[in-house]
Amino acid sequence: MLEHEAKEGGREADKQWRDDVRLPSKESLRASGQVQSLSRALKLLNALSYHTQGLSLSEVAQEVGLPNSTAHRLLTTLQNERYVRFDGERSTWLIGVQAFRVGSAFIRSRDLVSIARPYMRRLMEQSGETVNLGIIDRGEVIYLAQVETQKMMRAIAGPGGRAQLHCSGIGKAMLAFSEPERVEKVVQTLEYRRETSNTLASADALRRDFEAIRRNGYAVDDEENAVGLRCVAAVIYDQFGEVLAGLSISGPSARVSEQRVPALGSAVAAVAAEITTELGGRRPAR
């Protein structure tokens, strides 16, 4: 079940862009009671939000699937309300200040923990293991929330607990998918304190692990932070496509076996993508 649901979640995340920018059929619009002109205008806004460098009239019209003349009328209306702006020097349309103000109101009102918790509970029920939410704070992972399994032998660290970046699933995942220049500075300053015999003890070892994390889409703490505890983790992104938080499944290595890691990794990555979407975030193009 985990593998099936993880694949489904991955497919949904992959088609997010198309759903956001392509117009539904006229039949779908009528059946759902949507206003056609408003739907078209919002699709134009969505298309521009994916291209921060801007798009020409023909480009944005093609992305949405509209004639140039129709796209121009809608863009002009949006420009009058300052939701988009036109750069005359480059002949491109871009997101305007009013769109930023509306988006900022959502950002101010959102609560990462409360939004993530229902997804965490579902992931706990799917996996049968404890699910954690964490961020990087002062060079360490700090756990913001946890949904515990009811099984015996559960994870130790709860909300408010901390872990080292180089030997925790969330820490390694967040580093692996952050901006390379920023990460390299962190990698060079870590102490690489050994928590177990499996702890990665050097910058080179951590860099090699990053390659596997980026390839797989999730990180694995293979008894690196605590003997007998294994963890798989993925990242949640913000509206700028930057790493915001990490989501992990953790449990005793006897239950979180090496054979289960790929399925659990795919599942946690799929749910992290769902939370990203719910928060208004997006995965980066890189």
Side-chain angles (χ1 to χ4, degrees), residues 1-2 5-6 8-10 12-13 15-17 19-20 42 45-46 49 99-151 154-163 165 168-178 217-219 221 231-251 256 264-284:
M1 182 179 71
L2 272 175
E5 294 187 6
E8 289 298 318
E12 287 299 314
K15 72 184 186 69
Q16 177 190 338
W17 173 85
D19 289 344
D20 282 349
L42 292 173
L45 277 175
N46 290 343
S49 75
F100 171 76
R101 287 175 177 168
V102 172
S104 295
F106 169 69
I107 293 170
R108 288 192 299 271
S109 66
R110 76 182 183 185
D111 181 335
L112 172 60
V113 172
S114 63
I115 288 174
R117 191 172 292 280
Y119 295 92
M120 295 172 66
R121 182 165 298 282
R122 172 159 56 86
L123 184 58
M124 182 276 290
E125 292 170 351
Q126 291 173 3
S127 65
E129 303 296 343
T130 295
V131 176
N132 312 281
L133 178 72
I135 60 171
I136 292 178
D137 177 65
R138 298 180 183 180
E140 294 180 312
V141 172
I142 181 169
Y143 295 103
L144 300 179
Q146 185 179 81
V147 177
E148 279 194 287
T149 179
Q150 297 304 308
K151 295 179 180 178
R154 293 173 286 184
I156 299 172
R162 291 180 174 266
L165 293 177
S168 62
I170 287 178
K172 292 196 298 178
M174 292 183 70
L175 288 176
F177 290 105
S178 293
Y218 58 86
D221 161 13
C231 169
V232 291
V235 295
I236 297 166
Y237 294 98
D238 66 13
Q239 68 273 20
F240 303 110
E242 296 179 354
V243 173
L244 174 67
L247 186 73
S248 72
I249 299 171
S250 60
V256 183
L264 292 174
S266 296
V268 75
V271 174
E274 289 185 69
I275 297 172
T276 292
T277 300
E278 183 70 16
L279 286 166
R282 65 175 62 171
R283 292 186 297 178

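Here the side chains of Tyr143 and Ile170 are in contact, with some heavy-atom distance below 4.5 Å. Counting only heavy atoms from C-beta outward, the side chains of Tyr237 and Thr276 approach each other to under 4.5 Å. In this structure, Ile249 and Thr130 have side chains that are not in contact, with every pair of non-hydrogen atoms separated by 4.5 Å or more. Contact of the Arg162 side chain with the Asp137 side chain is registered, since non-hydrogen atoms from C-beta on lie closer than 4.5 Å. In this structure, Gln146 and Glu148 have side chains that are in contact, with non-hydrogen atoms separated by less than 4.5 Å.
When all heavy atoms of Ser168 and Ala163 are compared, the pair lying nearest together is CB-CB, 3.9 Å. Between Ala145 and Val113, the closest heavy-atom pair is CB-CG1, 3.8 Å. What you find for Asp221 and Gly169 is that their closest heavy atoms are CB-N, 3.5 Å. The minimum heavy-atom distance between Ala234 and Ala272, with the atom names listed, is CB-CB, 4.0 Å. Arg117 and Val147 get closest at one heavy-atom pair: NH1-CG2, 4.1 Å.
When only modelled atom types and interatomic distance are considered, Ser248 and Asn132 share a side-chain donor-acceptor pair under 3.5 Å.
To the nearest 0.5 angstrom, Tyr119 atom OH is 12.0 Å from Gln126 atom CD. If you take CG on Leu244 and CG on Leu279, they are separated by 6.5 Å, rounding to the nearest 0.5 Å. Put simply, OG on Ser49 and CG on Leu42 are 11.0 Å apart, with the number rounded to the nearest 0.5 Å. Rounding to the nearest 0.5 angstrom, the gap separating the CE atom in Met120 from the CG atom in Leu144 is 9.0 Å.
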Residues Glu274, Arg122; criterion salt bridge (Lys or Arg N to Asp or Glu O under 4.0 Å); working and verdict: CA-CA 12 Å; Glu274 289 185 69; Arg122 172 159 56 86; 2.9 Å; yes
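Listed by chain and residue number, Glu129, Arg230, Leu264 satisfy the side-chain contact (heavy atoms from CB on, under 4.5 Å) test with Val256 (two or more places apart in sequence, or in another chain). For Ala245, the side-chain contact (heavy atoms from CB on, under 4.5 Å) test picks out Leu112, Leu133, Ile135, Ile236, with sequence neighbours left out.
Between Arg282 and Glu242 no salt bridge is recorded (no basic side-chain N to carboxylate O distance below 4.0 Å).
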